Amino acid sequence: MKRDSRLSSVLHALLHMAEHDGPMTSETLGQCLGTNPVVVRRTMGLLRDAGLVTAERGHAGGWRISADLATVSLRRLHEALGEPAIFAIGNRNENPECLVEQSVNAALEGTFAEAETLLLKRFADVTLADLAKDFARRHAERRAVKE
């Protein structure tokens, strides 16, 4: 099943940007993410429109985070990406005549709505600062093991 990985990719890119001194080019971010710089530019444009990143032009230019990591929640990023669908599953038929299928749809729709509400609430509680802290901890643990 194909999944929408834009939120994961954006989080990955922003954490690299947070660790990097200075702006990062679309080409560099594309290498970090294993994707085309055009995809990076399109995605960063959405984040720029949401006030989360800025583009610095000219020599040594690139993308830079413009928001405080503690204020950027997963929910805010999800919204900046156009609120992609949370679940990749749905009803077989949206307007069934069959009463059994109507019952199935009602149960699924209610469950999906509850789950999405819960997930979006959790998204609002997790920030880039939280993820950066977790990354720093993991990085320190790996360094300690190698030493």
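If you're wondering where the values come from, they're calculated on a predicted model, not measured in any experiment.
- Nearest approach of Pro23 to Arg64, heavy atoms of both residues: CD-NH2, 3.0 Å.
- Taking CG from Asn105 and CZ from Phe112, the interatomic distance works out to 9.5 Å, rounded to the nearest 0.5 Å.
- When Asp125, Leu128, Thr127, Leu131 are each tested for a side-chain contact (heavy atoms from CB on, under 4.5 Å) with Leu74, only one passes: Leu131.
- Checked against salt bridge (charged side-chain N to carboxylate O under 4.0 Å, His left out), Arg137 has the following partners two or more places apart in sequence or in another chain: Asp134, Glu141.
- Distance CG/Leu14 to CE/Met24: 10.5 Å, rounded to 0.5 Å.
- The two residues Ile65 and Ala18 come nearest to each other via the heavy atoms CD1-N, 3.8 Å.
- Considering CG of Leu118 and CD1 of Ile86, their distance stands at 11.0 Å, rounded to 0.5 Å.
- Within the structure, every pair that satisfies the ring pair (Phe, Tyr, Trp, His ring centres under 6.0 Å) test and touches residues 13-40, not counting sequence neighbours, is listed here: His12-His16.
- Taken to the nearest 0.5 Å, the CG atom of Leu69 stands 10.0 Å off from the CE atom of Met17.
- For residues 68-89, the set of pairs meeting the salt bridge (charged side-chain N to carboxylate O under 4.0 Å, His left out) definition, not counting sequence neighbours, comprises Arg75-Glu79.
- We find the CG-CG distance between Leu47 and Leu77 to be 6.5 Å, quoted to the nearest 0.5 Å.
- Inspection of the Thr25 and Thr28 side chains reveals an N or O donor paired with an N or O acceptor under 3.5 Å.
- Note on Leu7: it clusters hydrophobically with Phe87, by side-chain heavy-atom contacts below 4.5 Å among ILVMFWY residues.
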